[in-house]
A.B. asks: 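Sharing a structure, written as structure tokens. Questions coming.
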Amino acid sequence: MTISEAMQSVQISKAERIDRNGTLAVLIQACGELIKKTGSQETCTASDMANTILNTFWNFKIDEIVLVLHWGLMGRFGKLYGKLTEMVVIDWFNQYDEKRDQQIEDEHIAKKNAMFDRSERTMSTETAWKVITPFIKKL
């Protein structure tokens, strides 16, 4: 999954407004799996981590949260030394947020450039003359 694809899902704060307990339960389950896979049961709890994510990164989409946790587990934000802690996960989200901001900016610039692509809007001298001639005659 790419950042652009992940950004198409439902924002976590919207899901929380619809069903806070259900949203929190899904996050707790995801965090619990992450903690289990990293063997970090004694350094953090799934409920604390889920609450931190929900309260701090409320503007992220659900698929983005899944993506960050997956990328973090795969070492995309750096190798995990020792046990997983909430601070490590927060750092993953902050690193992802920087990549996300860059992606949004790049997409915006590409869209803007596409709107003003001169290659599609060029006209021949003959066509330009036909367009301008009526205005010149009015002068």
Side-chain angles (χ1 to χ4, degrees):
M1 178 181 300
T2 65
I3 293 173
S4 294
E5 292 168 343
M7 288 174 42
Q8 302 305 313
S9 65
V10 176
Q11 190 169 343
I12 195 74
S13 62
K14 184 174 184 178
E16 179 191 21
R17 281 193 307 272
I18 294 169
D19 182 7
R20 178 170 174 75
N21 291 336
T23 302
L24 196 54
V26 169
L27 277 176
I28 289 171
Q29 183 178 2
C31 292
E33 289 296 316
L34 180 67
I35 290 168
K36 192 185 317 178
K37 286 180 181 178
T38 60
S40 303
Q41 290 85 345
E42 61 275 349
T43 57
C44 57
T45 66
S47 62
D48 288 344
M49 187 180 294
N51 275 306
T52 298
I53 291 168
L54 191 59
N55 294 326
T56 308
F57 302 102
W58 56 268
N59 59 319
F60 281 32
K61 307 293 177 105
I62 293 171
D63 286 348
E64 288 183 293
I65 291 171
V66 172
L67 187 63
V68 170
L69 297 177
H70 176 72
W71 282 0
L73 187 59
M74 301 308 291
R76 185 114 181 229
F77 303 115
K79 188 171 179 176
L80 180 62
Y81 294 99
K83 301 291 183 182
L84 183 71
T85 65
E86 280 185 49
M87 292 306 296
V88 170
V89 173
I90 289 170
D91 185 55
W92 290 353
F93 276 92
N94 289 332
Q95 288 183 56
Y96 172 81
D97 199 23
E98 290 175 16
K99 293 177 187 294
R100 178 185 194 243
D101 288 346
Q102 187 62 51
Q103 178 75 27
I104 291 169
E105 185 177 335
D106 291 347
E107 287 177 7
H108 176 73
I109 290 169
K111 192 181 290 186
K112 185 176 178 182
N113 287 342
M115 285 176 39
F116 297 106
D117 185 8
R118 293 189 184 346
S119 64
E120 294 177 8
R121 296 184 169 209
T122 58
M123 64 173 78
S124 67
T125 307
E126 182 180 325
T127 305
W129 184 250
K130 286 179 183 176
V131 171
I132 294 173
T133 303
F135 294 106
I136 294 173
K137 287 181 180 179
K138 289 182 182 179
L139 296 174

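We number each residue from 1, following the sequence as shown.
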A.B. asks: Are any of the side-chain heavy atoms of Trp92 and Leu84 separated by less than 4.5 Å?
C.D. replies: yes

A.B. asks: With sequence neighbours left out, write down each residue that passes side-chain contact (heavy atoms from CB on, under 4.5 Å) with Ile109, or none if nothing qualifies.
C.D. replies: Glu105, Asn113

A.B. asks: What are the two closest heavy atoms between Ile12 and Trp58, and how far apart are they?
C.D. replies: CG2-O, 3.0 Å

A.B. asks: In this structure, which one of Leu69, Leu67, Asp91, Asp101 forms a side chain to side chain contact (heavy atoms under 4.5 Å, CB included) with Tyr96?
C.D. replies: Leu67

A.B. asks: Is it the case that the side chain of Gln102 and the backbone of Lys99 share a donor-acceptor pair, with hydrogens and angles ignored and the cut-off at 3.5 Å?
C.D. replies: no

A.B. asks: Identify, with sequence neighbours excluded, every residue that meets side-chain hydrogen bond (donor to acceptor under 3.5 Å, both in side chains) alongside Thr52.
C.D. replies: Glu86

A.B. asks: So, taking the atom named CD1 in Ile65 and the one named SG in Cys31, what distance separates them when rounded to the nearest 0.5 Å?
C.D. replies: 8.5 Å

A.B. asks: For residues 28-51, which residue pairs qualify under salt bridge (Lys or Arg N to Asp or Glu O under 4.0 Å), counting only residues two or more places apart or in two chains?
C.D. replies: Glu33-Lys36, Glu42-Lys83

A.B. asks: For Thr23, what residues pass the side-chain hydrogen bond (donor to acceptor under 3.5 Å, both in side chains) criterion, not counting sequence neighbours?
C.D. replies: none

A.B. asks: Any chance the rings of Phe57 and Phe60 have centres within less than 6.0 Å?
C.D. replies: yes

A.B. asks: Rounded to the nearest 0.5 Å, what's the gap from CD1 on Ile35 to OG1 on Thr45? Could you check?
C.D. replies: 6.5 Å

A.B. asks: What residues form a side-chain contact (heavy atoms from CB on, under 4.5 Å) with Gln29, not counting sequence neighbours?
C.D. replies: none

A.B. asks: Start with the C-alpha gap between Cys44 and Thr85, add the side-chain angles, then the distance that decides, and say whether side-chain contact (heavy atoms from CB on, under 4.5 Å) holds.
C.D. replies: CA-CA 6 Å; Cys44 57; Thr85 65; 5.6 Å; no

A.B. asks: Among residues at least two apart in sequence or on other chains, which ones pass side-chain hydrogen bond (donor to acceptor under 3.5 Å, both in side chains) with Gln103?
C.D. replies: Ser4, Glu107

A.B. asks: Please list, chain by chain and in numerical order, all residues satisfying side-chain contact (heavy atoms from CB on, under 4.5 Å) with Val26, sequence neighbours excluded.
C.D. replies: none

A.B. asks: Is it the case that the side chain of Thr56 and the backbone of Ile53 share a donor-acceptor pair, with hydrogens and angles ignored and the cut-off at 3.5 Å?
C.D. replies: no

A.B. asks: Quick one: list whatever passes side-chain hydrogen bond (donor to acceptor under 3.5 Å, both in side chains) with Asn51, sequence neighbours left out.
C.D. replies: none

A.B. asks: Using the rule that Ile, Leu, Val, Met, Phe, Trp and Tyr join whenever any side-chain heavy atoms are under 4.5 Å apart, tell me whether Leu73 and Met49 fall into a single cluster.
C.D. replies: yes

A.B. asks: Atom CG in Leu24, atom OG in Ser47: separation rounded to 0.5 Å?
C.D. replies: 8.0 Å

A.B. asks: Considering only residues two or more places apart or on different chains, which pairs with a residue in residues 70-79 satisfy side chain to side chain donor-acceptor pair (under 3.5 Å)?
C.D. replies: none

A.B. asks: Give me the atom names and distance for the closest heavy-atom approach of Val68 to Phe77.
C.D. replies: O-CE1, 3.7 Å

A.B. asks: Would Asn94 and Glu98 count as having a side-chain donor-acceptor pair, cut-off 3.5 Å?
C.D. replies: no

A.B. asks: So, taking the atom named CG in Leu54 and the one named OG in Ser13, what distance separates them when rounded to the nearest 0.5 Å?
C.D. replies: 8.5 Å

A.B. asks: Between Ile62 and Val89, is there shared hydrophobic-cluster membership here, with clusters defined by ILVMFWY side-chain heavy atoms closer than 4.5 Å?
C.D. replies: yes

A.B. asks: Please list all pairs passing the salt bridge (Lys or Arg N to Asp or Glu O under 4.0 Å) test where one or both residues lie in residues 19-29, with sequence neighbours left out.
C.D. replies: Glu16-Arg20

A.B. asks: Kindly state each residue pair satisfying salt bridge (Lys or Arg N to Asp or Glu O under 4.0 Å) with at least one member in residues 56-70, sequence neighbours excluded.
C.D. replies: Glu64-Arg100

